[in-house]
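Here the structure comes first, spelled out in C-alpha cells, and everything after it is commentary.
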Protein chains: 2
Amino acid sequence: MKIDPTNPADLSAQIAKAIRDAIISGALPVDERLPSEAELADQFNVSRPTVREALKRLAAQSLIRTQRGATGGAFVNRLKFEDAYGQQITTSTLLLSMNDVSFATACEARYALERACAPLSAQRRTADHLATMRAEAHRQSQPGLTDEAFCASDVAFHRALVDAAGNPVLSYQLAGAVEAMQPLMNMITFTARSRETIIALHTAIADAIEAHDGANADENLAKLARYTQELAQDVIAQRQAARASK
Amino acid sequence: MKIDPTNPADLSAQIAKAIRDAIISGALPVDERLPSEAELADQFNVSRPTVREALKRLAAQSLIRTQRGATGGAFVNRLKFEDAYGQQITTSTLLLSMNDVSFATACEARYALERACAPLSAQRRTADHLATMRAEAHRQSQPGLTDEAFCASDVAFHRALVDAAGNPVLSYQLAGAVEAMQPLMNMITFTARSRETIIALHTAIADAIEAHDGANADENLAKLARYTQELAQDVIAQRQAARASK
DNA sequence: CAATTTTCATTTGTCAGACAATTAAACGTC
DNA sequence: GACGTTTAATTGTCTGACAAATGAAAATTG
C-alpha cells in the first residue's frame, strides 16, 4: 500500500484508495484489524487527522468498522446485503431525482427486472413468501388506507415477490430499483379506482405464484406495468392541463 | 439540520447523516454551496476536524465535491450514472466475495437481469450498439487472446447488449452485476473449447438483435446461461477431484 | 481609460499536540 | 479462585496553526 507523496493534495483520498484496493484484492481479509491510526500515520507519513479522514471515507462505504478501547481499532467489515441495501437505495434515489429520469424509464426498468424474477419466484416460492404477498394484497384493500401506507404495502408486496426467487443477488439489485421508485409511484395511487385495478393484478400475481405458474405471473406483471404507465401518463396530462388553465 | 449533542460519540456520522438527509430531501439542491467548514463547525457546535470527517464521508459517496480557494467550498454534487457505476461495482464485488455467494447464484442473477433487457434491446438497438457487439464477438475469436482480454471483451459485449435497451437505469443496475462477476467468470473461459461455444452463442445473439427478434435473443441468452453453469460445474468438479488425489 | 499585475482575503488541506471516553487485559485483594 | 482496581491502548474530539489554491479587489502600467 503506497501513496504518491509528490502530490500533497487529496492525501486522505489516496490513502482511502490504497486501503480499499487492499480490501477488494483480498490482501486484507474480513475481520482483519488495520494498524492503529497512529501506526497508519507513520506508515503513510501523514498526520493522524488525515488518516482519520481516509478511514471515515471507508466507513461511509461500510468497508470498515471501528471500535474504541484497548483491543479496538478499525476492522475490515464483512459487507452484508442489508448494509448494501441502504447505499443502493440512496444512490438510486438520487440518480433518479438528479438526472431527470422520466417515470416511464424508471418504471420500465423496474418491471423488466421484476419480470426477470417471476419465473424463479413461481418455481421456488415458499409458503412464507406467499403469505406475505397475500397479507399485503389484503392490506391494500382496506378502506381508509393512506397513500403512503398503500405504497409501503405495494413495495412490501413486490419485495416478497422478488425475495421468493431465493436469490439474494437479485433481491439486492431490485431493492434499489423498487424502493427508489416509491416517491415516483406515490403520485399515481391516489384514486380508489386505480387501487382496485392494482389490487386485482396483485391478487392474480399471487395466484400465479401459488400455482407455480411463472408465465401467468409474468403476464400479469406485464399488465401491471402497462397499467402503471397509463396511469402515470394520465396524471402527467392532467397536471399539464391544470397548469395551462392557470 | 440538527444533531443530538447528548451523545458525544459518532458526531461526524450524525452530521453526515443530517447533511445527507437534506440532500436527499431536496432541501439542498444540486450545485448548492454548503457553508464553509468553519461555519458548519459553529452551527453544529463541533470542531472543524469533526466537520471535515463528516464531509469526507459524503465525498466518499459522491454526494458532494469540494474546491479550494476564495469561492471554494463543498457543493452538492449532481450524481452521475458513471459515478454510481464505480460504487456499484465495488459493492457488488465485495458482496459476492465476502458472502460466499455461489457461482450458480451470481450467474443466475446476472442472466435473469440480462434476459430482462433482451426484448428491449432487440426492439431499440442502434447500428452503433450492434457494431460494438459484432466487434467484440470478432475479437473473442482471435487466437492468442489472453483469458483476461477475452473476459474483458465478454463484459464489453454484454454491456453493449444491455446499453442497446436504451434505458440508463437498466444499464446502471446491470453494470454492477456484470462487472462484479468478471472475476468469477474468469475461471471458466480458459479452454479453447468453451470459447468456441461462447462465441457461437454471442454471434447468434447479435444476429437476433440485428433482426429485432427479442424472443430469439432471449433463447440464446438462456442457452448461454445454461452452458456457463455447466462449465462452472465441471470446473468445480475437476478442482475437487484434483484436491482429493493429492 | 483599459489591460495587466499584484495583493489579499477566503477556503480547503494538512499538521502537531493535547485531552476525554472506552475497553480489555493485567494486577491486587479478599 | 472470585472480584474489584488499575493501567495501557485506542478511538473520538478539540485547539491552534500553517500551507496551498483561488478568485476578487486593488494597484500599477501602457
Side-chain angles (χ1 to χ4, degrees), chain A residues 1-20 23 28 30-77, chain B residues 1-20 23 28 30-77:
Chain A
M1 290 196 298
K2 293 275 171 62
I3 59 172
D4 176 16
T6 63
N7 183 7
D10 289 326
L11 285 177
S12 72
Q14 290 179 46
I15 294 170
K17 183 178 189 315
I19 299 176
R20 179 163 39 234
I23 293 174
L28 290 174
V30 167
D31 292 335
E32 177 90 348
R33 183 180 174 282
L34 295 175
S36 73
E37 295 176 354
E39 285 171 328
L40 285 172
D42 277 349
Q43 282 183 28
F44 287 114
N45 215 8
V46 298
S47 69
R48 195 161 83 94
T50 302
V51 168
R52 282 183 60 80
E53 287 178 10
L55 294 180
K56 294 311 170 194
R57 289 176 188 264
L58 300 175
Q61 296 177 295
S62 307
L63 296 188
I64 62 169
R65 63 179 186 277
T66 56
Q67 202 178 353
R68 282 210 272 201
T71 59
F75 297 83
V76 177
N77 194 33
Chain B
M1 290 197 297
K2 293 274 171 62
I3 60 170
D4 175 16
T6 62
N7 183 7
D10 289 326
L11 285 178
S12 73
Q14 291 179 45
I15 294 170
K17 183 177 189 314
I19 299 176
R20 181 163 38 236
I23 293 174
L28 290 173
V30 168
D31 291 336
E32 176 91 350
R33 183 181 174 281
L34 295 174
S36 73
E37 296 176 352
E39 286 171 327
L40 285 172
D42 276 351
Q43 283 183 27
F44 288 113
N45 215 5
V46 298
S47 69
R48 193 159 85 93
T50 302
V51 168
R52 282 183 61 79
E53 287 177 9
L55 293 179
K56 293 312 170 196
R57 295 176 115 109
L58 300 175
Q61 296 177 295
S62 306
L63 297 188
I64 61 170
R65 62 179 186 277
T66 55
Q67 201 177 353
R68 281 211 272 199
T71 59
F75 298 84
V76 177
N77 195 33

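Qualifying side-chain hydrogen bond (donor to acceptor under 3.5 Å, both in side chains) partners for B/Thr66, counting only residues two or more places apart in sequence or in other chains: none. For B/Glu37, the side-chain hydrogen bond (donor to acceptor under 3.5 Å, both in side chains) partners are B/Arg48, B/Arg52, not counting sequence neighbours. With sequence neighbours excluded, the residues forming a side chain to side chain contact (heavy atoms under 4.5 Å, CB included) with A/Ala13 are A/Asp10, A/Arg57, listed by chain and number. For A/Gln67, the side chain to side chain contact (heavy atoms under 4.5 Å, CB included) criterion is met by A/Phe75, not counting sequence neighbours. Remark: B/Thr50 pairs with B/Ser47 by the side-chain hydrogen bond (donor to acceptor under 3.5 Å, both in side chains) rule, at least two apart or across chains. Listed by chain and residue number, B/Arg33, B/Ala38, B/Glu39 satisfy the side chain to side chain contact (heavy atoms under 4.5 Å, CB included) test with B/Ser36 (two or more places apart in sequence, or in another chain). Every residue was checked against the side chain to side chain contact (heavy atoms under 4.5 Å, CB included) condition with B/Thr71, not counting sequence neighbours, and none meets it.
At whole-Å resolution of the value, NZ in A/Lys56 and C1' in C/dT14 are 18 Å apart. Rounding to whole angstrom units, CZ of residue A/Phe44 and C1' of C/dT14 are separated by 16 Å. Nucleotide D/dA9 holds its C1' atom 16 Å from the CG atom of A/Leu34, rounded to whole Å. Regarding B/Glu53, its CD atom lies at a distance of 15 Å from the C1' atom of C/dT12, rounded to whole Å. Nucleotide D/dG16 holds its P atom 18 Å from the CZ atom of B/Arg52, rounded to whole Å. Protein atom CG of B/Asp10 is 14 Å distant from nucleotide atom P of D/dT11, rounded to whole Å.
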Under 3.5 Å, which protein N or O atoms sit close to an N or O of nucleotides 15-17 of chain C? Give each pair with its distance.
residue : atom : partner : partner atom : Å
C/dC15  : OP2  : A/Ser47 : N            : 2.9
C/dC15  : OP2  : A/Ser47 : OG           : 3.2
C/dC15  : OP2  : A/Thr50 : OG1          : 2.7

Distances under 3.5 Å only, N/O to N/O: pair up the protein atoms with those of nucleotides 7-11 of chain C.
residue : atom : partner : partner atom : Å
C/dT10  : O2   : B/Ala70 : N            : 3.2
C/dT11  : O4'  : B/Gly69 : O            : 3.1

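To the nearest 0.5 Å, atom CG of residue B/Leu63 and atom CD1 of residue B/Ile19 are 10.0 Å apart.
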